[in-house]
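What you see is a predicted model; the values in this text were computed from it and never measured.
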Amino acid sequence: MTRPKNSLLVELPLLVWLVAVWGALWGDFGPGNLLIGLVLALLVTWVLYLPSVQLSGRFNVLQFAVFAVTFVWQVAKASVEVMLIAILVGPRARNAVVGVRLRTRSDLLLTATGHTMTLIPGSLVVEVDRAAGTLYFHALNVRNAEEAERFRRSALRVEAAWIRIMGTPEELAALRAERRGGGPAGTDHRDSAAIGSPVTASQQIVGGRRDDTPADPPTGAPTDAPEEDRP
C-alpha cells in the first residue's frame, strides 16, 4: 500500500516549521544543528509511514504578520483580563464547555485554530470532534448563552484568520462570500487576519466587581446559565 505524497513545494512550509521547532528545542540555530533538523524533517515527512499533511499550497506572509502582531497583543491583554477575573470575581466565576463548529475540515487548520485559542489565556481545548469539524473549549467565566455565543465568534475569527493565511483558495473564496453576505456570527467586516481575545472580562466586570447572580435561588425555581453549553 502506497500513501500519496505531497510535492516538495507543498511540503516546504511544514519542513521550515519543523526545522525551526528543532532549533528552538535545542536552543541552537547554527547551520550544523539546522541541517540535522532538516534531515529529520525530511525523514518524518517522506520516509515514515504517517498520514500525509494536506497543505493548500499558499501562505500569505502579510496576513501572517498581522496575525502574529495581534496574537501577541491578545495574549498580553487576555493575561491581564484573567488576572482581573481571578482577583475581582474569584470563586464566583462560572465556566462553561462551549462547542464551536468550524467552517473547515482541514486537520491543519483545525489544529492551528485549537492551539491558538488555547495559547490565549481564558480557554482550553478539551475535546475534538474531527468528523464534525467541532472543537469543544473550556471557557473562563462564561455565564450565559450570550457570553457563550461571544466566545464562539472569537473562535470563528481565529479560524478565519488562519484561512486567510494558509487556507485553500476555495476556503478563502467561501470566507469572502460569507463576509460579503453578512455570514454567520464570527466573521469580520474586513479582509484581515487580525484576531480578538476570547476573554470577555471587560463585559463581566463592571466597576471592579460584579455579583449579579443570586447566591440562593428560590426552591424549585428553574436555573439558567448552565455550566456546559453544547450545540
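- Taking OG1 of Thr111 as the start and CZ of Arg130 as the end, the distance is 9.0 Å to the nearest 0.5 Å.
- In this structure, Ile165 is not a member of the same hydrophobic cluster as Trp73, with clusters built from ILVMFWY side-chain heavy atoms closer than 4.5 Å.
- In this view, Val128 and Leu110, Val125, Leu135 satisfy the side-chain contact (heavy atoms from CB on, under 4.5 Å) rule, not counting sequence neighbours.
- Looking at Arg179 and Leu175, their side chains never come closer than 4.5 Å, going by heavy atoms from C-beta outward.
- The shortest heavy-atom contact between Arg103 and Arg105 is O-NH1, 3.7 Å.
- Rounded to the nearest 0.5 Å, atoms NE2 (His115) and CE (Met117) are 13.5 Å apart.
- Residues Leu62 and Val72 do not share a hydrophobic cluster, clusters being chains of Ile/Leu/Val/Met/Phe/Trp/Tyr side chains in contact below 4.5 Å.
- Annotation for Pro121 and Ser79: closest pair CG-OG, 3.5 Å, computed over non-hydrogen atoms.
- Using a 4.5 Å cut-off on side-chain heavy atoms (C-beta onward), Arg164 and Asn60 make no contact.
- For the side-chain hydrogen bond (donor to acceptor under 3.5 Å, both in side chains) test, no residue two or more places apart in sequence or in another chain qualifies with Asp129.
- A 4.5 Å side-chain heavy-atom check between Leu109 and Glu159 finds every atom pair outside the cut-off.
- With sequence neighbours left out, the side-chain hydrogen bond (donor to acceptor under 3.5 Å, both in side chains) criterion links Thr104 to Glu171.
- At least one side-chain heavy atom of Leu40 sits under 4.5 Å from a side-chain heavy atom of Ile36.
- Applying the side-chain contact (heavy atoms from CB on, under 4.5 Å) test to Val80 and every residue at least two apart in sequence or in another chain returns Met83, Leu84.
- Residues satisfying the side-chain hydrogen bond (donor to acceptor under 3.5 Å, both in side chains) criterion with Thr116, sequence neighbours excluded, are Trp162.
- Residues passing the side-chain contact (heavy atoms from CB on, under 4.5 Å) test with Leu35, sequence neighbours excluded: none.
- Considering only residues two or more places apart in sequence or on other chains, Ala93 meets the side-chain contact (heavy atoms from CB on, under 4.5 Å) condition with Ile85, Val89, Asn141.
- For Arg94 (side chain) and Asn144 (main-chain N/O), no donor-acceptor pair under 3.5 Å exists by modelled atom type.
- To the nearest 0.5 Å, atoms CZ (Arg153) and CZ (Arg157) are separated by 7.0 Å.
- Under the 4.5 Å side-chain heavy-atom criterion for ILVMFWY residues, no single connected hydrophobic cluster contains both Tyr136 and Leu124.
- Val39 and Leu25 are not part of a single hydrophobic cluster, where members link through side-chain heavy atoms under 4.5 Å apart.
- In this view, Arg58 satisfies the side-chain hydrogen bond (donor to acceptor under 3.5 Å, both in side chains) rule with no residue, not counting sequence neighbours.
- Here the CD-CD1 distance, from Gln63 to Ile163, works out to 12.0 Å after rounding to the nearest 0.5 Å.
- Nearest approach of Ala20 to Phe29, heavy atoms of both residues: O-CE2, 3.8 Å.
- The ring pair (Phe, Tyr, Trp, His ring centres under 6.0 Å) search around Phe59 returns Phe64, not counting sequence neighbours.
- Evaluation of the ring pair (Phe, Tyr, Trp, His ring centres under 6.0 Å) rule for Trp26 yields Trp22 as partners, not counting sequence neighbours.
- Among residues at least two apart or in separate chains, there is no salt bridge (charged side-chain N to carboxylate O under 4.0 Å, His left out) pair with a member in residues 17-32.
- Proximity of a side-chain donor or acceptor of Gln74 to a complementary backbone N or O of Ile120 within less than 3.5 Å is not detected.
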